[in-house]
> 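Below you will find the structure I want to go over with you.
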Amino acid sequence: MSELAISKKVASIPPSATLAVTDKARELKEQGRPVIGFGAGEPDFPTPDYIVEAALKACQDPKNHKYSAGPGLMELREAVAAKTLRDSGYEVDPTNVMITNGGKQAVFTAFAVTLDPGDEVLLPAPYWTTYPAAIQLNDGVPVPVLAGSDQEYKVTVEQLEAARTDKSKVLLLCSPSNPTGAVYTPDELKAIGEWALEHNLWVLTDEIYEHLVYAGTEKAHIVSVVPELAERTIVMNGVSKTYAMTGWRVGWMIAPAGAAKAGRTYQSHLTSNVNNVAQRAALAAVSSDLGAVEQMRVSFDRRRQLMTGMLNDIEGVYLPEPRGAFYCYADVTGLLGREWGGKVANTSADLANIILEEVEVAVVPGEAFGTQGHIRLSYAVSDSDITEGVGRIQQLFA
């Protein structure tokens with residue numbers, strides 16, 4: 001009996017490259033090899049104790065053992081609204097907040113409620129590897145807009161305008177950025193927001209790294225600098241990066257009333273409610289001050305400076321200073337077309353394989369993020385791993 005064909009749409013989507021690198025590093029470690037992995041996109045800290053304690057208490061409360069409201073616990077939605085006012089400087093109606101199973105579901109849902117078949121999404125590149133897949137699975141068309149290292153990986157209004165067509169419907173923004181660590185200034189966001197407003201575009205803004213900024217960088221939120229965009233903007237966020245809660249799987253989407261209603265309907269058929277115990281933990285997180293977050297941020301900043309300095313000491317590598325998130329996105333075009341360890345690196349994917357095979361360090365090639373000639377390294381690892389791992393890379397390319 002022949003095997004039935006699966007959906008062509010789903011079959012066309014590649015697996016997550018970042019997860020693949022992380023899995024490969026884990027597999028090699030389990031074989032006893034001294035692999036250092038810079039692929040992971042998650043904090044290496046444990047979730048703060050007070051959040052864990054809230055979850056333990058929630059486990060003992062029978063009301064958390066049952067279904068709850070599909071859009072999320074109202075207490076959590078209210079807390080997200082209060083946190084948005086505190087951190088982003090503008091008010092949102094709690095009824096327009098929807099709790100999701102991680103930030104990734106918020107991203108997917110935002111595209112689901114804004115895209116019709118053939119609609120184009122202006123997608124600044126380098127981009128997080130999941131964005132094109134989420135767009136395509138929702139029948140949209142990703143339109144990459146490339147900003148290179150010479151622009152500190154930030155697109156301009158002029159570039160966006162050159163890429164815009166009569167099919168353009170959505171602009172995706174991620175600041176601070178995965179994979180580059182780039183952070184748009186308030187003036188840059190204002191110019192982009194006013195342009196998006198002029199051309200009647202949806203703006204989807206991924207703010208999952210909002211609290212991880214460094215070097216005196218000013219945080220900015222596009223709705224706070226262009227308030228008129230509130231009715232055309234969907235915010236995707238969550239607790240995973242800020243509070244070291246990647247495994248808890250709690251995110252949220254903040255949207256105008258119509259899009260929020262559509263998102264609730266969509267989620268009612270997709271997942272029902274989010275895990276109640278995890279929601280109670282998230283409530284403890286977003287209702288608290290940012291003391292524990294600041295401790296993690298200070299550690300990330302120290303590691304950022306360590307990794308940035310070591311990478312820029314390698315001849316042929318150029319790294320614009322990452323000012324947010326916890327990634328270094330190194331321009332390695334100066335290393336391509338040359339032989340390393342007896343192998344020629346024609347692409348950044350070749351280079352990443354050589355680094356893994358020769359010095360047992362896992363990095364993610366730029367092809368995963370829409371740009372050739374780059375590699376991404378996460379500094380959400382220990383100082384000693386950075387010193388040892390980047391040190392091995394320095395020796396390889398010496």
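Quantities reported herein were computed from a predicted structural model and do not represent experimental measurements. Computed over heavy atoms, backbone and side chain alike; hydrogens, waters and symmetry mates excluded.
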> Search all heavy atoms of Met236 against all heavy atoms of Ala110 and return the closest pair with its distance.
SD-CB, 4.0 Å

> Is the side chain of Thr265 donor-acceptor paired with the backbone N or O of Lys261 at a distance under 3.5 Å, no angle test?
yes

> As an exercise, state the distance from CG of Leu311 to CD1 of Ile393, rounded to the nearest 0.5 Å.
6.5 Å

> Could you tell me whether the side chain of Thr100 and the main chain of Gly102 form a donor-acceptor pair under 3.5 Å?
yes

> What do you reckon, are the aromatic ring centroids of Tyr50 and Tyr243 less than 6.0 Å apart?
no

> Determine, stepwise, if the pair Arg323 / Val213 fulfils side-chain contact (heavy atoms from CB on, under 4.5 Å).
CA-CA 6 Å; Arg323 291 179 171 267; Val213 293; over 6 Å; no

> List the steps and the verdict of side-chain contact (heavy atoms from CB on, under 4.5 Å) for Lys57 and Arg280.
CA-CA 9 Å; Lys57 183 178 179 180; Arg280 296 289 176 186; over 6 Å; no

> If the threshold is 4.0 Å, N to carboxylate O, is there a salt bridge linking Lys190 and Asp187?
no

> Identify, with sequence neighbours excluded, every residue that meets salt bridge (charged side-chain N to carboxylate O under 4.0 Å, His left out) alongside Glu210.
Lys83

> Quick one: CG on Leu189 to OG1 on Thr205, what's the gap to the nearest 0.5 Å?
7.5 Å

> What verdict does the salt bridge (Lys or Arg N to Asp or Glu O under 4.0 Å) test give for Asp139 and Lys9, after you've listed the backbone C-alpha separation in whole Å, the side-chain angles of each residue and the deciding distance to 0.1 Å?
CA-CA 9 Å; Asp139 298 317; Lys9 181 166 68 174; 3.4 Å; yes

> Considering non-hydrogen atoms only, spot the tightest contact between Ala380 and Glu42 and give its length.
CB-O, 3.2 Å

> Measure the shortest side-chain to side-chain distance between Leu201 and Ser168 over non-hydrogen atoms and say whether it is less than 4.5 angstrom.
yes

> Mind checking the CD1-OH spacing from Ile254 to Tyr90? Nearest 0.5 Å is all I need.
5.0 Å

> Is the ring pair His374/Tyr329 parallel, tilted or perpendicular, if the boundaries are 30 and 60 degrees?
parallel

> Is Asp116 salt-bridged to Lys169, going by a charged N under 4.0 Å from an acidic O?
yes

> Please report the C-alpha distance between Leu306 and Thr387 in whole Å, then the side-chain angles of each, then the deciding distance to 0.1 Å, and finally whether the side-chain contact (heavy atoms from CB on, under 4.5 Å) criterion is met.
CA-CA 8 Å; Leu306 175 61; Thr387 301; 3.6 Å; yes

> Decide if atom CD of Glu91 counts as having more than 12 heavy atoms of other residues, nucleotides or ligands within a radius under 6.0 Å.
no

> Working to the nearest 0.5 angstrom, can you tell me the gap between Leu160 CG and Trp195 CH2?
4.5 Å

> Would you say Gln372's side chain and Ser348's backbone share a donor-acceptor pair under 3.5 angstrom?
yes

> Mind checking side-chain hydrogen bond (donor to acceptor under 3.5 Å, both in side chains) for Asp350 and listing every partner two or more places apart, or none if nothing turns up?
Thr347

> Decide yes or no for Arg77 and Ile99: does some side-chain heavy atom of the first lie under 4.5 Å from some side-chain heavy atom of the second?
yes

> Going hydrophobic residue to hydrophobic residue with side-chain gaps under 4.5 angstrom, can you get from Val155 over to Tyr131?
no

> Could you tell me whether the side chain of Glu207 and the main chain of Val235 form a donor-acceptor pair under 3.5 Å?
no

> Tell me the closest heavy-atom pair linking Arg249 and Lys104, and the distance in Å.
NH2-CB, 4.3 Å

> What I'd like to find out is whether the side chain of Leu290 reaches to under 4.5 Å of the side chain of Asp87, using heavy atoms alone.
yes

> Using the rule given for side-chain contact (heavy atoms from CB on, under 4.5 Å), can you reason through Thr308 versus Gln305, listing the C-alpha separation, both sets of side-chain angles and the distance that settles it, and then say yes or no?
CA-CA 5 Å; Thr308 299; Gln305 295 178 63; 5.9 Å; no

> Are the side chain of Thr165 and the backbone N or O of Lys167 linked by a donor-acceptor pair below 3.5 Å?
yes

> Within the side chain of Gln279, is there an N or O that forms a donor-acceptor pair under 3.5 Å with the backbone of Val274?
yes

> Does a sphere of radius 6.0 Å around NZ in Lys154 hold more than 12 heavy atoms from other residues, nucleotides or ligands, not counting ones at 6.0 Å or beyond?
yes

> If we count only N and O atoms by modelled type, under 3.5 Å, do the side chains of Thr185 and Glu218 hold a donor and an acceptor together?
no

> Mind checking whether Tyr153 and Phe369 have ring centres under 6.0 Å apart?
no

> Please tell me if the side chains of Trp248 and Asn275 come closer than 4.5 Å, counting only heavy atoms from C-beta onward.
no

> Given 3.5 Å as the limit, does a donor-acceptor pair link the side chain of Lys241 with the main chain of His211, or not?
no

> Determine, for Lys343 against Glu358, whether the closest basic-nitrogen to carboxylate-oxygen distance falls under 4.0 angstrom.
yes

> Can you name the nearest heavy-atom pair linking Val364 to Gly39, along with the distance?
CG2-CA, 3.9 Å

> State, with a plain yes or no, whether a side-chain heavy atom of Glu228 is found less than 4.5 Å away from one of Glu194.
no

> Quick one: closest heavy-atom pair of Tyr127 and Pro132, and the distance?
CE1-CG, 3.3 Å

> Is any side-chain heavy atom of Pro71 less than 4.5 Å from a side-chain heavy atom of Gln267?
no

> Is any side-chain heavy atom of Tyr327 closer than 4.5 Å to one of Thr180?
no

> Can Val298 be reached from Met307 by stepping across I, L, V, M, F, W or Y side chains whose heavy atoms are under 4.5 Å apart?
no

> Counting distance only, does the side-chain N/O of Thr242 pair as donor-acceptor with the main-chain N or O of Val239 below 3.5 Å?
no

> If the threshold is 4.0 Å, N to carboxylate O, is there a salt bridge linking Glu120 and Arg164?
no

> For Asn346 versus Leu336, what's the shortest heavy-atom pair and its separation?
O-CD1, 4.1 Å

> Among the clusters formed by ILVMFWY side chains lying less than 4.5 Å apart, do Leu356 and Leu396 turn up in the same one?
no

> For Tyr379, does its backbone N or O pair with a side-chain atom of Arg304 as donor and acceptor, under 3.5 Å?
no

> Which pairs with one or both residues in residues 213-241 pass ring pair (Phe, Tyr, Trp, His ring centres under 6.0 Å), sequence neighbours excluded?
none

> Using side-chain heavy atoms (C-beta onward) and a distance below 4.5 Å, is Leu351 in contact with Phe397?
yes

> Return the CD1 to OG1 distance between Ile192 and Thr156, rounded to the nearest 0.5 Å.
8.0 Å

> When clusters are formed by joining ILVMFWY residues with side-chain heavy atoms under 4.5 Å apart, either directly or through shared neighbours, do Leu76 and Val293 land in the same one?
yes

> Report whether Val203 and Ile234 are members of the same hydrophobic cluster (ILVMFWY, side-chain heavy atoms less than 4.5 Å apart, transitive linking).
no

> Taking atom CD of Gln31 as the centre, report whether more than 12 heavy atoms of other residues, nucleotides or ligands fall under 6.0 Å from it.
yes

> How far does CZ of Phe326 sit from CG of Leu212, to the nearest 0.5 angstrom?
6.5 Å

> Ignoring hydrogens and angles, tell me if any N or O in the side chain of Asn138 forms a donor-acceptor pair with the backbone of Leu115 under 3.5 Å.
no

